[in-house]
Amino acid sequence: MSELIAETLKAAGTGPVFGYPGDPSVEFLEGCRKVGVDFVLGRREGTAGLMAEAWGMLSGKPGVALSTLGPGSTNLVNAVANAYLDRTPMIAISGQIDTKRQPTFTHQVVDQHALFAPVSKYVASVAPNCAGQVMRKALRVAAAPRPGPVHLSTPADYVGAEVLDSDITLPPSGTVHHGLTVVGDQSPQHAIRQAKRPLILFGISAMQSDAGPEIVALAEKIGAAIVASPMAKGTVAEDLPLFAGTLDMACNDLMWDFVNGADLVLNIGFDAVELIKPWTVTSQVIHIDCVPNTDQIYAADIEVIGPVKEAVAALTDDLESQSGYDLSDVNTHRADLQQAFDAGRVSGVMNPSDVIRTAQGVVAPDAIVTTDVGSHKLLVGQGWRPSGPRKLLMTNGLSSMGFSLPAAIAAKIYAPETEVICFTGDGGLAMVQSELRLAASMGLGIKVVVFLDQSLNRIELKQMARQFASTGTVIEETDTEKMAQSMACNGIVVETETALAEALGSDTGNVPLVIGARISPRQYEAQF
């Protein structure tokens with residue numbers, strides 16, 4: 001059965017399996033070896049799962065994660081939940097005790113279906129008499145809108161058994177446009193024609209649909225300002241005159257004021273899972289997505305349901321050119337946004353926004369950047385300008401700390417010739433830093449930029465706002481250079497923009513470089 005599972009994954013082009021095996025996984029590892037599916041040994045199931053999630057973000061195909069039973073499966077839950085709320089396709093596989101002992105045995109046995117069901121689109125056990133059918137369904141469910149994880153249990157007495165259902169039939173993956181469904185009392189074209197200040201807010205589904213060119217064409221035809229959701233950054237070039245910034249990251253009040261200034265908002269592939277602040281827009285909203293607006297986080301009067309690219313293109317074809325937003329208003333907003341991004345800079349020290357600006361000026365234009373969770377993520381989310389979709393990876397649905405390093409490892413495996421930069425805080429790195437050893441052992445020359453401020457800044461700021469002491473939010477300083485060396489990486493601590501630029505511009509070959517960027521957290525106080 002293990003070879004059937006591996007052959008199906010290989011046929012579907014899912015890439016390597018990231019995981020941490022156990023006794024029930026022995027046959028599966030052998031099956032992967034025989035079939036030619038690579039296995040990447042993460043240092044923990046949770047981080048291996050985050051690598052699989054990042055693979056799904058990069059490729060658009062399910063990333064595959066493996067754990068053993070019991071604690072291995074419970075460690076994997078967070079990564080599966082991450083993929084669930086980040087709308088990322090994933091196939092998570094956990095070994096399980098043999099079926100004879102499942103009803104009564106207790107040691108290291110948990111109910112995996114109950115454990116994963118709340119954070120998975122589908123849970124099942126793979127058995128010899130249904131393996132082919134279950135794998136086909138798993139692939140289809142994981143990739144179907146909205147994409148997400150499925151979880152499969154593989155009991156120990158099944159993984160090496162002779163398979164009875166050996167049919168490898170992949171589900172269809174392409175989309176053929178056969179029309180759109182419009183829900184509402186008026187046509188979207190009529191609403192758009194009435195708008196004087198239309199605004200497009202695009203999100204994850206637009207990114208996954210590669211709908212950037214269609215969004216730009218519609219925006220230019222109707223004069224719509226364009227705003228990105230964080231996980232969709234890069235879908236539309238951020239140097240376009242109509243681009244107005246990213247919602248719910250740094251400078252957020254300014255962004256919400258701008259969105260509220262529109263008289264019509266077109267939510268194109270926008271997923272409310274990325275909203276941090278409640279939706280307060282009072283103007284009319286048109287929902288355009290491959291799924292209906294069943295969340296009802298925002299009240300859309302009109303829904304256009306169908307493939308995102310085709311839906312946007314069809315709208316564009318049906319409309320005449322109109323003036324829309326005054327470009328000078330967008331330009332004024334962008335200038336204000338830039339000023340707000342740098343607000344609170346302290347002279348004579350390196351500020352968080354300095355790190356981002358310096359890195360943007362040094363790294364390759366097509367670099368893949370990953371960012372962790374914390375104050376720095378909000379600045380990266382607003383300030384980084386990726387060269388295209390899937391060039392900035394972040395978790396913004398579940399927002400788990402410790403995401404960016406495993407994501408960077410997956411990115412370097414996925415695109416070995418592309419420069420990969422990981423942004424993280426000292427708190428986030430402490431959670432996953434053992435994966436540096438994996439990166440070194442695989443010869444992955446990633447660069448890890450650590451915002452060194454010795455605190456869990458987001459929580460410390462909330463303590464400060466309530467005039468509480470910094471209790472439980474202080475991160476003791478780690479010797480970055482020695483820590484990196486202990487993981488067979490290179491390490492350096494920088495305190496100036498010049499030193500940071502030199503480190504980022506250096507050629508480290510196949511050895512990961514950990515750059516501790518010592519920053520002043522005082523800018524965060526002004527920002528947040």
Side-chain angles (χ1 to χ4, degrees), residues 9-10 12-19 37-40 42 47-66 79-80 82-92 139 142-143 145-149 173 203-212 228-235 269 271 363-372 377 380-381 384-398 400 402-424 432 435 438-439 442 444-448 512:
L9 295 174
K10 184 177 182 180
T14 55
V17 176
F18 299 90
V37 173
D38 292 334
F39 179 77
V40 178
T47 45
L50 294 176
M51 293 175 204
E53 183 193 7
W55 190 274
M57 290 176 169
L58 290 159
S59 69
K61 296 182 177 180
V64 184
L66 174 73
V80 174
N82 231 53
Y84 187 69
L85 290 186
D86 287 343
R87 315 309 194 198
T88 304
M90 172 190 285
I91 294 179
L139 289 167
R146 294 166 168 154
S173 57
I204 302 172
S205 184
M207 181 274 289
Q208 293 170 335
S209 303
D210 295 321
S229 81
M231 291 182 65
K233 281 174 72 74
T235 304
D271 192 323
V363 305
D366 65 343
I368 298 174
V369 170
T370 68
T371 185
D372 216 81
K377 169 184 147 180
V380 173
W384 192 261
R385 294 186 172 187
S387 61
R390 309 180 197 274
K391 291 291 188 180
L392 173 60
L393 306 186
M394 70 163 68
T395 169
N396 200 40
L398 191 63
S400 289
F403 168 80
S404 62
L405 177 57
I409 290 172
K412 195 63 176 176
I413 298 171
Y414 178 81
E417 304 303 320
T418 301
E419 185 172 14
V420 175
I421 305 294
C422 166
F423 288 122
T424 186
V432 298
E435 299 296 352
L438 170 64
M442 296 188 71
L444 305 177
I446 60 176
K447 292 175 180 171
V448 181

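Computation of the quantities below employed the complete heavy-atom set of this structure, encompassing side-chain atoms and omitting hydrogens, waters and symmetry-equivalent molecules. One-based numbering along the sequence shown.
To the nearest 0.5 Å, atom OG1 of residue T14 and atom CE of residue M90 are 12.0 Å apart. Atoms CG and CG, from L9 and L139 in turn, are 6.5 Å apart once rounded to the nearest 0.5 Å. Rounding to the nearest 0.5 angstrom, the gap separating the CD atom in E53 from the CG atom in L398 is 8.5 Å. Atom OG1 of T88 and atom CZ of R146 lie 12.5 Å apart (nearest 0.5 Å).
Applying the ring pair (Phe, Tyr, Trp, His ring centres under 6.0 Å) test to Y414 and every residue at least two apart in sequence or in another chain returns W55. The side-chain hydrogen bond (donor to acceptor under 3.5 Å, both in side chains) test applied to K447 returns no partner, not counting sequence neighbours. Residues meeting the salt bridge (Lys or Arg N to Asp or Glu O under 4.0 Å) test with R87, sequence neighbours left out: D271. When the side-chain hydrogen bond (donor to acceptor under 3.5 Å, both in side chains) test is applied to T47, the partners found at least two apart in sequence or on another chain are E435. In this structure T370 satisfies the side-chain hydrogen bond (donor to acceptor under 3.5 Å, both in side chains) test with no other residue, sequence neighbours excluded.
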Pair R390-M57, side chain to side chain contact (heavy atoms under 4.5 Å, CB included): steps then yes or no | CA-CA 7 Å; R390 309 180 197 274; M57 290 176 169; 5.6 Å; no
Side chain to side chain contact (heavy atoms under 4.5 Å, CB included) between M394 and M231: does it pass, once the steps are laid out?
-> CA-CA 6 Å; M394 70 163 68; M231 291 182 65; 3.9 Å; yes
Using the side chain to side chain contact (heavy atoms under 4.5 Å, CB included) rule, take V17 and D38 through it: C-alpha gap first, then chi angles, then the decisive distance, then the call.
-> CA-CA 6 Å; V17 176; D38 292 334; over 6 Å; no
Start with the C-alpha distance between L438 and V40, add both sets of side-chain angles, then the distance that settles side chain to side chain contact (heavy atoms under 4.5 Å, CB included), and finish with yes or no.
-> CA-CA 9 Å; L438 170 64; V40 178; 4.0 Å; yes
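In plain terms, the two heavy atoms of V37 and G15 that are nearest each other are CG1-O, 4.0 Å. Smallest separation of non-hydrogen atoms from G49 and A65: CA-CB, 3.9 Å. Pairing each heavy atom of K61 with each of G13, the nearest pair is CD-O, 3.3 Å. A pairwise comparison of heavy atoms in P89 and A142 identifies CB-O, 3.4 Å as the closest pair.
For the pair L393/T371, no side-chain contact is recorded, criterion being any heavy-atom separation below 4.5 Å from C-beta on. Side-chain contact between N82 and L50 is present, with at least one heavy-atom pair separated by less than 4.5 Å. Within the 4.5 Å cutoff, side-chain heavy atoms of V369 are placed close to those of W384.
Side chain of D86 to main chain of T395: no donor-acceptor pair is present (N/O by atom type, distance under 3.5 Å, no hydrogens or angles). Side chain of E419 to main chain of A367: no donor-acceptor pair is present (N/O by atom type, distance under 3.5 Å, no hydrogens or angles). For the pair S209 (side chain) and A211 (backbone), a donor-acceptor distance under 3.5 Å is absent. The closest donor-acceptor contact from the side chain of K233 to the backbone of G381 lies under 3.5 Å.
For K391, the NZ atom is densely surrounded, since the number of other residues' heavy atoms within 6.0 Å is greater than 12.
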List the atom pairs, with distances to 0.1 Å, where a side-chain N or O of residues 402-413 and a protein N or O form a donor-acceptor pair under 3.5 Å, not counting sequence neighbours.
unit_1	atom_1	unit_2	atom_2	d
S404	OG	D372	OD1	3.0
S404	OG	F423	O	2.9
K412	NZ	P416	O	3.2
K412	NZ	T418	O	2.8

